[in-house]
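Report on the structure given below.
All residue numbers refer to positions in the sequence shown, counting from 1. Given the structure is predicted, the values throughout are model-derived calculations rather than measurements. These numbers come from the heavy atoms of this one structure, side chains and all, not from hydrogens, waters or symmetry mates.
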Amino acid sequence: MADAIHETVGVLNPNSSTTYNVFGYYTQMVSELSTTGNIWYGIVSNQELTVTTAFNERQNVMGVSTDEELSNLIKFQQCYNASSRYITTVAEMLEYIIERLGG
């Protein structure tokens with residue numbers, strides 16, 4: 001059994017003629033998997049960067065920033081509320097004056 005570990009197991013890749021023992025086979029398999037994983041990680045990172053860049057460029061071309069629009073909406077709502085309170089106060093003052101002078 002101990003000698004079987006050092007005997008040739010076979011090839012890892014059908015396109016390669018290199019033969020491996022159990023340890024070499026395992027080492028080469030882990031190496032190829034890590035290399036493949038690293039390649040795919042790079043591809044995914046590149047795609048995410050491309051999507052982010054395209055989204056930012058689209059936002060620049062559209063000229064509309066959702067954050068800016070939301071802040072403007074809040075600002076205009078506050079202005080509307082302040083104007084409404086002002087008009088209500090002036091209306092109450094006029095009503096008070098008309099009741100006192102006209103009464």
Side-chain angles (χ1 to χ4, degrees):
M1 187 73 143
D3 293 335
I5 291 177
H6 300 291
E7 290 181 13
T8 301
V9 175
V11 294
L12 181 64
N13 187 343
N15 297 327
S16 173
S17 62
T18 306
T19 57
Y20 300 100
N21 62 14
V22 173
F23 292 120
Y25 188 88
Y26 178 75
T27 303
Q28 188 62 25
M29 181 180 69
V30 170
S31 175
E32 284 189 22
L33 285 174
S34 65
T35 302
T36 303
N38 193 21
I39 290 169
W40 282 108
Y41 179 77
I43 290 170
V44 168
S45 297
N46 189 26
Q47 290 296 320
E48 288 174 347
L49 179 64
T50 302
V51 167
T52 302
T53 303
F55 178 77
N56 290 339
E57 287 299 318
R58 179 175 166 249
Q59 289 296 90
N60 288 338
V61 170
M62 287 176 27
V64 176
S65 169
T66 55
D67 294 336
E68 183 180 349
E69 292 298 320
L70 182 61
S71 67
N72 283 340
L73 181 66
I74 292 170
K75 178 174 63 174
F76 294 139
Q77 182 182 16
Q78 293 298 323
C79 289
Y80 176 82
N81 288 338
S83 297
S84 174
R85 286 192 302 265
Y86 176 77
I87 291 171
T88 301
T89 303
V90 170
E92 288 174 356
M93 288 172 45
L94 287 174
E95 183 179 340
Y96 179 78
I97 291 173
I98 289 173
E99 284 180 6
R100 292 288 181 185
L101 294 178

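- Taken to the nearest 0.5 Å, the CG atom of L101 stands 9.5 Å off from the OH atom of Y96.
- Side chain of S83 to backbone of C79: a donor-acceptor contact under 3.5 angstrom is found.
- Put simply, the residue from L94, V90, T88 that forms a side chain to side chain contact (heavy atoms under 4.5 Å, CB included) with E92 is T88.
- Taking CD from Q47 and CG from L49, the interatomic distance works out to 9.5 Å, rounded to the nearest 0.5 Å.
- The structure places CG of N72 at 11.0 Å from CG of D67, a figure rounded to the nearest 0.5 Å.
- Note that OG1 of T89 and OH of Y86 are 9.0 Å apart. Values are rounded to the nearest 0.5 Å.
- Between the CG atom in L73 and the CD atom in Q78 there is a gap of 10.5 Å [rounded to 0.5 Å].
- In terms of hydrophobic clustering, with Ile, Leu, Val, Met, Phe, Trp and Tyr side chains grouped at heavy-atom distances under 4.5 Å, Y26 and L33 are assigned to a common cluster.
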Can you check side chain to side chain contact (heavy atoms under 4.5 Å, CB included) on V11 and T19, steps first, answer last?
CA-CA 5 Å; V11 294; T19 57; 4.0 Å; yes
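- Both M29 and Y20 belong to a common hydrophobic cluster when Ile, Leu, Val, Met, Phe, Trp and Tyr are linked at side-chain heavy-atom distances under 4.5 angstrom.
- Taking CG of N60 as the start and CZ of F55 as the end, the distance is 10.0 Å to the nearest 0.5 Å.
- Of the possible polar contacts, one joining the S34 side chain to the V30 backbone as a donor-acceptor pair under 3.5 Å is found.
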Side chain to side chain contact (heavy atoms under 4.5 Å, CB included) between Y25 and V22, worked out:
CA-CA 5 Å; Y25 188 88; V22 173; 5.7 Å; no
